[in-house]
Amino acid sequence: MLDFLGTRQRTHTCGQLRAADAGQTVTLMGWVNRRRDHGSLIFLDLRDRYGITQVVLDKDLAPEGHAKAEQARPEYVICAIGKVRLRGPESVNPKMPTGEIEIAATELLVLNDSKVPPFSPAEDAIQNEEVRLKYRYLDLRRPEMAHNLEIRHKVALAMREYLNAQGFFEIETPFLTRSTPEGARDYLVPSRVHPAHFYALPQSPQLFKQILMISGLDKYFQIVRCFRDEDLRADRQPEFTQIDLEMTFPQQETIFQVVEGFLKDSFEVVGEQIATPFLRMTYDEAIRQYGIDKPDLRLPPMTDVRDVFTAEELSSLKIEPGLPIVAIVIPNKQAMSNTQKKAFAQELNAAVAPDLAYLDVDRLAAAPQYAALAQHIDAAAAKNCGLARVEPENRLIVVSPRVGATAPARDHLWLYKKAGQLRLDLAKRFQDEHKAFEKKGISDDYKFLWVTDFPFFEWDEETKTWTFAHHPFTSPHEDDLIAGRMTSDPENVRALAYDIVLNGMELGSGSIRIHRQDVQQQIFRALGMSDEEARERFGFFLEALQYGTPPHGGVALGLDRLVMILAGASSLREVIAFPKTAKAIDLMVDAPTPVSDAQLKELHIRPVIRS
RNA sequence: GGGGACGUAGUUCAGUUGGUUAGAAUGCUGCCCUGUCACGGCAGAGGUCGCGGGUUCGAGCCCCGUCGUCCCCGCCA
């Protein structure tokens, strides 16, 4: 028999009461976390979002309540009324914030029962993520998940407050909008009113926010859902949330300061200190030092050590001269046995590309004719990493192109990227030893970085054309425009584009935009887009640009990714209330689904399944 | 589109060389217990070994296919 609530109201949450509250009569409501039945004495742990409080049902004190507690089971919803009582010194539970007290219940109401749950919210996450996602409402009862959502809420709130204080307006932009192909695949929504016409869900509010700048709104932000129909990853969901902002008349640094400001605040509200300003690094530097455009600064950089090799050494080690030779330091790598070294060597040879070789500096050091070389490599790497010396337990690997290396390996960018990948693979493999990825509770846990001066154009091997590396509204450096490099030297045109990187993860990116219609036209032409084609795709925007567009720029950061790092989670699914699986399915509501013929007919759609 | 890992009780897992009736823990059910807090004790129920096909005297185990979850590459301006 379930009880009715009547006019009862909860007086406290389950995480609230302390020793000082002893003697008060209180009403608590919550879920049965655990029940311990000692016959005439029953303990119920009552749980809500705020914590857990122990309720005691004594048969002598409250025979009716005790009888109900006998029937209560995990996840039943209970209302307990009684006195807050200090626990005896021997029965205090120091593991619980409420462990000094308990509720001596005089009355117990069973407000609702529960089926036996497939897993217990009182325990850690189960391995079976399918079941977790199907019963997401139970999974979210776990304190860990509630905590993650709390971090998310606090971070978003701190950002709003900061941006509000800086004079930003939060302005909503449409979800039902127009497809502007390029970039990611769009999610499309068919129009009922306009047969064979489709809205697209926004991949980002990019053009709208730029138009808001044209409108003179000056400072815009939005914590906004974005949609991209691409394959998922642990750090990629088809719908995700961005903190999106745009400003009028900014320098790049103006944007950086705003972002640093709200990040500092939003880390602070969850008890984390970060140092600002963040480090700045150009794209070229990032590639040379880390082999990637989103360097993880928790690990030492790579060092080009080609200068320390003599011609004889190059030739006897069969290394192609004139190309980068990259040294990688993996911190705190313990010593290996010879057997382990051999296996590791084989693994590395398989891992590096065919035209690359790697050298083990330990082995160089052991060979008399190379001992000096090994010392020079060590010294160069140590200097570059800001170390006094490379400790012997820090394995040093050198990647270099073999003699006669062919096309891809002769390309510096390709070579740096390969070495950079190896650097990350090795770091991941030895993470238990060097512990560089573990939180230490200091500001050093968060290595922020602005990567600037991205190349404007990117060579597309497939189409054999120059394509934009960012999006086509990104402004090139004014100097490069003035020098006419757009046509004379596209490869070396720099974009006023920047990424913010945190611990090797791309947290967001932005740019100073093009505000002049003539420059925008020049860009489209440089990309091989006819005026007509540009008009067809972005006509509304090109039109708007002609009505007094101010210089403007902005940035967008992935809120989910940020919270994921703050929560110490390894997947976005841990910080999104209702996420999708790797196949983009929502297991709880079971979406997507087929729809009725009637619905399709209204939308003028007939599905054709191609096999 | 490609590669990899996994799939056995509600859950977490074990299951030997292919060989009797597929096990453990936990959860669940019942009974007992007045100081537990992962309570304890006794008893019990619980299985389409993801699904389909094949090999075999015999398949959880081997083979083929398929579905699902996860991770990675491609993709993600």
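Only a predicted model underlies this, so the values are computations on that prediction, with no experimental measurement involved. Order of the sequence lines fixes the chain letters, A, B, ..., with proteins taken first and strands second; residue numbering starts at 1 for each chain.
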**OP:** Could you tell me whether A/E70 and A/K59 have a side-chain N and a carboxylate O separated by less than 4.0 Å?
**Re:** no
Original post:
Which whole number of Å gives the distance between the P atom of B/A45 and that of B/G50?
Top reply: 24 Å
Subject >> Mate of B/U66 where both pairing distances stay under 3.5 Å, Watson-Crick or G-U >> reply: B/G50
Nucleotide N/O to protein N/O under 3.5 Å, stretch nucleotides 39-45 of chain B:
residue	atom	partner	partner atom	Å
B/C39	OP2	A/R36	NH1	3.2
B/C39	N3	A/H38	NE2	3.3
B/C39	N4	A/D37	O	2.3

**OP:** Indicate whether OP1 or OP2 belonging to B/G30 is found under 4.0 Å from a side-chain N or O atom of A/R73.
**Re:** yes
Original post:
Which residues satisfy the salt bridge (charged side-chain N to carboxylate O under 4.0 Å, His left out) test with A/E478, sequence neighbours excluded?
Top reply: none
Original post:
How close or far is atom C1' of B/U11 from atom CD of A/E123, stated in whole angstroms?
Top reply: 9 Å
Subject >> Rounded distance in Å - CZ (A/R142) to C1' (B/U11) >> reply: 13 Å
Exercise answer: donor-acceptor pairs, residues 499-506 of chain A side-chain atoms, under 3.5 Å, sequence neighbours excluded:
residue	atom	partner	partner atom	Å
A/N503	OD1	A/K447	N	2.8
A/N503	ND2	A/D445	O	3.0

Original post:
Do the charged groups of A/E230 and A/R228 touch, with an N to O distance under 4.0 Å?
Top reply: no
Subject >> Separation of atom CD in A/E458 from atom C1' in B/C75, rounded to whole Å >> reply: 13 Å
**OP:** May I have the distance from A/D499 (atom CG) to B/C76 (atom C1'), rounded to whole angstrom?
**Re:** 13 Å
Original post:
B/U29 and B/C13: how far apart are their P atoms, nearest whole angstrom?
Top reply: 24 Å
Original post:
Below 4.0 angstrom, N of the basic side chain to O of the carboxylate: do A/E130 and A/K134 qualify?
Top reply: no
**OP:** Could you check how far CG of A/D293 sits from P of B/C76, rounded to whole Å?
**Re:** 14 Å
Original post:
Reckon A/V131 touches a base, only the sugar-phosphate, or nothing at all at heavy-atom distances under 4.0 Å?
Top reply: sugar-phosphate
Subject >> Interatomic distance at C1', B/C67 relative to B/U20, whole Å >> reply: 33 Å
Original post:
Within this structure, what is the CG-to-P distance between A/D58 and B/C33, rounded to whole angstrom?
Top reply: 14 Å
Original post:
Applying the side-chain contact (heavy atoms from CB on, under 4.5 Å) test to A/D244, which of A/V555, A/L557, A/L559, A/V224 qualifies?
Top reply: A/V224
Original post:
Counting just side-chain N and O atoms, does A/S40 come under 4.0 Å of either OP1 or OP2 of B/U34?
Top reply: yes
Original post:
Paired with B/C33: which nucleotide, if any, by Watson-Crick or G-U wobble criteria at under 3.5 Å for both distances?
Top reply: none
**OP:** In whole angstrom, give me the gap between the C1' atoms of B/G60 and B/A9.
**Re:** 14 Å
**OP:** Can you check whether any acceptor in the base of B/U11 is under 3.5 Å from a donor in the side chain of A/Q127, or vice versa?
**Re:** no
**OP:** Tell me what A/E102 touches on the nucleic acid: a base, only sugar-phosphate, or nothing, going by heavy atoms under 4.0 Å.
**Re:** base
What donor-acceptor contacts under 3.5 angstrom involve side-chain atoms of residues 577-584 of chain A, with partners at least two apart or in another chain?
residue	atom	partner	partner atom	Å
A/K580	NZ	A/E239	OE2	2.9
A/T581	OG1	A/K583	N	3.2
A/T581	OG1	A/I585	N	3.3

Original post:
Start at the 5' end of RNA chain B and walk down; is the nucleotide closest to A/N93 or to A/I126 reached first?
Top reply: A/I126
Original post:
Taking atom P in both B/G35 and B/G41, what distance in whole Å separates the two?
Top reply: 15 Å
Subject >> B/G19: pairing nucleotide in any strand, Watson-Crick or G-U under 3.5 angstrom >> reply: B/C57
Subject >> Atom P, compared across B/A59 and B/A14: separation rounded to whole Å >> reply: 24 Å
Original post:
Taking it one step at a time, do A/T173 and A/Q222 satisfy side-chain hydrogen bond (donor to acceptor under 3.5 Å, both in side chains)?
Top reply: CA-CA 9 Å; A/T173 52; A/Q222 189 178 190; 3.0 Å; yes
Original post:
Hey, does A/F43 reach any base, or is it just sugar-phosphate, or nothing, if we go heavy atoms under 4.0 Å?
Top reply: base
**OP:** Would you indicate what A/T53 reaches in the nucleic acid, counting non-hydrogen atoms under 4.0 angstrom: base, sugar-phosphate, or nothing?
**Re:** nothing
Original post:
In whole angstrom, what separates A/K59's NZ from B/C32's C1'?
Top reply: 12 Å
Original post:
So what does A/P74 hit on the nucleic acid, given a heavy-atom distance under 4.0 Å: a base, only sugar-phosphate, or nothing?
Top reply: sugar-phosphate
Which atom pairs link the protein and nucleotides 65-71 of chain B when you take only N or O atoms and keep those under 3.5 Å?
residue	atom	partner	partner atom	Å
B/G68	O2'	A/E130	OE1	3.4
B/G68	O2'	A/E130	OE2	2.6
B/U69	OP1	A/T581	OG1	3.3
B/U69	O4'	A/E130	OE1	3.2
B/C70	OP1	A/A582	N	3.2
B/C70	OP2	A/A582	N	2.8
B/C70	O3'	A/R573	NH2	3.1
B/C71	OP1	A/R573	NH1	3.4
B/C71	OP1	A/R573	NH2	3.0

Original post:
What is the distance, rounded to the nearest whole Å, between atom CZ of A/F119 and atom P of B/A9?
Top reply: 17 Å
Original post:
So, are A/R36 and A/D45 salt-bridged, with charged N and O less than 4.0 Å apart?
Top reply: yes
Original post:
Is it true that A/K428 and A/D425 make a salt bridge, defined as a side-chain N closer than 4.0 Å to a carboxylate O?
Top reply: no
Original post:
With rounding to whole Å, what would you report as the distance between B/G58 and B/A22 at their C1' atoms?
Top reply: 16 Å
Original post:
Quantified in whole Å, what is the C1' atom distance between nucleotide B/U56 and nucleotide B/G30?
Top reply: 45 Å
**OP:** With sequence neighbours excluded, tell me which residues meet side-chain contact (heavy atoms from CB on, under 4.5 Å) with A/S120.
**Re:** A/A122, A/E123
Subject >> Salt bridge A/D37-A/R35, side-chain N to carboxylate O under 4.0 Å >> reply: yes
Original post:
For A/Q421 and A/R87, take the nucleotide of RNA chain B holding the closest heavy atom to each; which residue's nucleotide lies nearer the 5' end?
Top reply: A/R87
